[in-house]
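Quick note on labels: first sequence line is chain A, next is B, and so on, each numbered from 1. Computed from a predicted model, the values in this text were never measured in an experiment.
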There are 2 protein chains.
Amino acid sequence: MSLQFVLLGMLREPASGYDLKQRFQNSVRHFWAAELAQIYPLLARMEKDGLLSSEKVPSTQGPTRKVYQRTRAGFEALSQWLLQGPEVRSERVSWLAQVFFLSHIDSTQRRQFFVELKADFKAHLGELERLEQGWQQDDPRYPDALPDETFFPQLTLRLGMMKYRTIIEWCDECLTRLEARD
Amino acid sequence: MSLQFVLLGMLREPASGYDLKQRFQNSVRHFWAAELAQIYPLLARMEKDGLLSSEKVPSTQGPTRKVYQRTRAGFEALSQWLLQGPEVRSERVSWLAQVFFLSHIDSTQRRQFFVELKADFKAHLGELERLEQGWQQDDPRYPDALPDETFFPQLTLRLGMMKYRTIIEWCDECLTRLEARD
DNA sequence: ACACGCATGTAATCGGTTACATGATTGA
DNA sequence: TCAATCATGTAACCGATTACATGCGTGT
């Protein structure tokens with residue numbers, strides 16, 4: 001049910017489903033993704049539940065837009081979610097499961113696996129670093145004097161980079177240890 | 001579909017659904033979880049697909065056990081999965097989403113959030129550290145002279161600890177930065 | 001003429017969780 | 001007697017993915 005709260009959080013300013021999907025791309029994408037096919041029905045249900053209100057706004061191109069707003073109840077639900085404390089759920093990381101069983105393939109393939117893994121996460125890290133540079137250039141208050149609404153997003157960005165760097169470091173470590181064993 | 005491959009990987013030696021669930025608890029639990037209600041039907045389907053074979057073995061207590069074995073095709077499927085390279089999928093981390101929107105609650109509650117988060121991950125780290133100590137005491141070859149079947153699991157354990165330590169470090173950083181802002 | 005971006009949605013399916021049903025043996 | 005462990009499964013539901021359907025406006 002967290003998508004509901006993510007949508008509520010993103011509706012600081014009114015937006016359509018289409019808008020929200022865009023907002024996902026350049027903010028929470030690294031720890032939360034959602035498709036339009038999931039967003040549209042959920043918005044409808046949230047309106048029915050009184051968490052959102054909507055109004056139709058004609059569009060310059062395409063069908064009329066349905067622009068949603070947070071209601072008072074919506075805001076309450078959001079803060080309740082945050083006040084409940086951190087929601088730490090068990091995650092599923094398939095590439096870690098693959099590492100766990102990597103003894104089933106031969107040693108060149110094993111090394112290759114870590115090389116690819118490292119490349120993947122280097123690419124992810126690069127994306128975040130570019131994002132950071134953008135923010136840095138756009139706002140001289142970056143990072144510690146930022147207003148609350150961007151300071152907390154910045155914290156998540158920072159953890160993302162730290163996490164990716166640990167994984168890259170670990171890949172290197174694995175590669176040297178594998179070579180030492182061969 | 002990764003659960004399928006995790007099961008194939010765990011079936012290095014024959015096991016029942018119930019056994020497999022136990023094996024989850026003390027090995028892959030930190031990056032993959034599964035309930036019996038998901039395991040039983042999946043095992044049945046995998047047998048139908050020719051990846052597993054089963055035989056009924058009477059039990060000392062409870063109903064007769066259904067013990068599964070990997071077939072040749074099952075082994076092929078597993079190595080194919082590993083040879084395809086790392087499966088890096090987008091993850092959903094709800095507590096990070098909460099941090100992203102944390103500006104919606106007041107500053108004491110915000111700090112409280114990070115305190116709880118840190119405690120949660122310290123507990124997780126503790127579990128892994130205890131697991132490591134056990135392995136260390138059981139096998140003098142730990143960690144670099146271990147046989148392949150336990151060396152790779154050990155790598156995943158190590159990354160788990162590294163990841164949790166970065167998160168804890170980040171929590172501390174967030175707390176000092178928040179105090180500096182207030 | 002055709003592809004692309006805007007903008008809305010539905011339907012089928014899949015992976016996972018929660019709750020329920022059954023029944024034997026063992027130990028407090 | 002009662003709870004726990006062993007051991008199998010089914011059913012209902014929920015969250016997420018993939019595929020499909022529709023149609024306007026703009027630029028090549």
Side-chain angles (χ1 to χ4, degrees), chain A residues 1-8 14-26 28-49 51-52 54-68 81 87-94 97, chain B residues 1-8 14-26 28-49 51-52 54-68 81 87-94 97:
Chain A
M1 282 291 283
S2 298
L3 177 58
Q4 203 177 43
F5 301 110
V6 176
L7 292 174
L8 285 170
S16 69
Y18 195 84
D19 294 339
L20 287 164
K21 165 79 177 163
Q22 313 297 103
R23 290 191 195 171
F24 269 82
Q25 301 303 313
N26 32 36
V28 295
R29 166 191 39 156
H30 289 277
F31 52 85
W32 207 280
E35 298 302 320
L36 285 170
Q38 200 188 353
I39 294 174
Y40 285 128
L42 183 54
L43 286 172
R45 208 191 75 196
M46 286 166 73
E47 186 177 17
K48 212 190 64 194
D49 294 348
L51 302 173
L52 302 178
S54 74
E55 62 173 328
K56 301 216 165 169
V57 176
S59 165
T60 44
Q61 73 200 76
T64 56
R65 293 159 49 78
K66 207 164 168 185
V67 176
Y68 288 93
W81 180 56
E87 248 189 6
V88 181
R89 303 193 300 209
S90 69
E91 23 178 349
R92 268 155 200 136
V93 187
S94 29
Chain B
M1 284 288 284
S2 298
L3 177 59
Q4 203 177 43
F5 300 109
V6 176
L7 293 174
L8 284 170
S16 69
Y18 195 84
D19 294 338
L20 287 164
K21 165 81 177 161
Q22 311 298 104
R23 291 193 194 170
F24 269 83
Q25 302 303 313
N26 32 36
V28 296
R29 164 190 43 153
H30 290 278
F31 52 86
W32 207 280
E35 298 302 320
L36 285 170
Q38 201 188 354
I39 293 174
Y40 285 128
L42 183 53
L43 286 172
R45 209 191 74 195
M46 286 166 73
E47 185 177 18
K48 213 190 64 193
D49 294 348
L51 301 173
L52 301 177
S54 75
E55 61 174 328
K56 302 216 163 166
V57 176
S59 166
T60 44
Q61 71 199 77
T64 57
R65 293 158 49 77
K66 207 167 169 184
V67 176
Y68 289 92
W81 180 58
E87 250 188 3
V88 181
R89 303 192 300 208
S90 68
E91 23 178 349
R92 268 159 198 123
V93 187
S94 31

**Student:** Between B:Arg92 and A:Glu91, does any side-chain N to carboxylate O distance fall below 4.0 Å?
**Tutor:** no

**Student:** Starting from C1' on C:dG15, measure out to CZ on A:Arg92 and report it in whole angstrom.
**Tutor:** 8 Å

**Student:** Quick one: are A:Pro14 and A:Glu55 in side-chain contact, heavy atoms under 4.5 Å?
**Tutor:** no

**Student:** Check the distance between C:dA7's C1' and A:Leu36's CG and give it to me in whole angstrom.
**Tutor:** 9 Å

**Student:** Compare all side-chain heavy atoms of B:Trp32 with those of B:Leu3 and state whether any distance is below 4.5 angstrom.
**Tutor:** yes

**Student:** Round to a whole Å and report the spacing from CZ of B:Arg45 to P of C:dG16.
**Tutor:** 11 Å

**Student:** Which nucleotide in the set D:dA7, C:dC6, C:dG16 lies at the smallest distance from any side-chain heavy atom of B:Tyr40?
**Tutor:** D:dA7

**Student:** Within this structure, what is the OH-to-C1' distance between A:Tyr18 and D:dG25, rounded to whole angstrom?
**Tutor:** 13 Å

**Student:** Describe the nucleic acid contact of B:Leu42 in one word from base, sugar-phosphate, nothing, applying a heavy-atom distance below 4.0 Å.
**Tutor:** nothing

**Student:** Given D:dA7, is OP1 or OP2 found less than 4.0 Å from the side-chain N or O atoms of B:Ser59?
**Tutor:** yes

**Student:** Nearest heavy atom decides the nucleotide; on that basis, is A:Gln22 or B:Ala33 closer to the 5' end of DNA chain C?
**Tutor:** A:Gln22

**Student:** Measuring from atom CD of B:Gln4 to atom CG of B:Leu52, what distance do you get when rounded to the nearest 0.5 angstrom?
**Tutor:** 8.5 Å

**Student:** For D:dT5, does the base pair up with any side-chain atom of B:Gln61 as donor and acceptor (N or O, under 3.5 Å, distance only)?
**Tutor:** yes

**Student:** Counting only side-chain N and O atoms of B:Lys66, is one of them less than 4.0 Å from OP1 or OP2 of D:dG9?
**Tutor:** yes

**Student:** Choose from C:dT8, C:dT18, D:dA16 the nucleotide whose nearest atom is closest to any side-chain atom of B:Glu35.
**Tutor:** C:dT18

**Student:** Using heavy-atom distances to pick each residue's nearest nucleotide on DNA chain D, tell me which of B:Ser90 and B:Arg65 is more 5'.
**Tutor:** B:Arg65

**Student:** Please figure out whether A:Thr60 or A:Ala37 has its closest DNA chain D nucleotide nearer the 5' end.
**Tutor:** A:Ala37

**Student:** Mind calculating the distance between CD (A:Glu47) and C1' (C:dT8) to the nearest angstrom?
**Tutor:** 14 Å

**Student:** How many Å lie between CG on B:Asp19 and P on D:dG9, as a whole number?
**Tutor:** 13 Å

**Student:** If only atom types and distance count, is the side chain of A:Asp49 paired as donor or acceptor with the main-chain N or O of A:Met46 below 3.5 Å?
**Tutor:** no

**Student:** How many Å lie between CG on B:Leu43 and P on C:dG15, as a whole number?
**Tutor:** 14 Å

**Student:** When you check the phosphate oxygens OP1 and OP2 of D:dT8, does a side-chain N or O of B:Ser16 lie under 4.0 Å from one of them?
**Tutor:** yes

**Student:** Distance check needed: D:dT8 C1' versus B:Gln38 CD, whole Å only.
**Tutor:** 17 Å

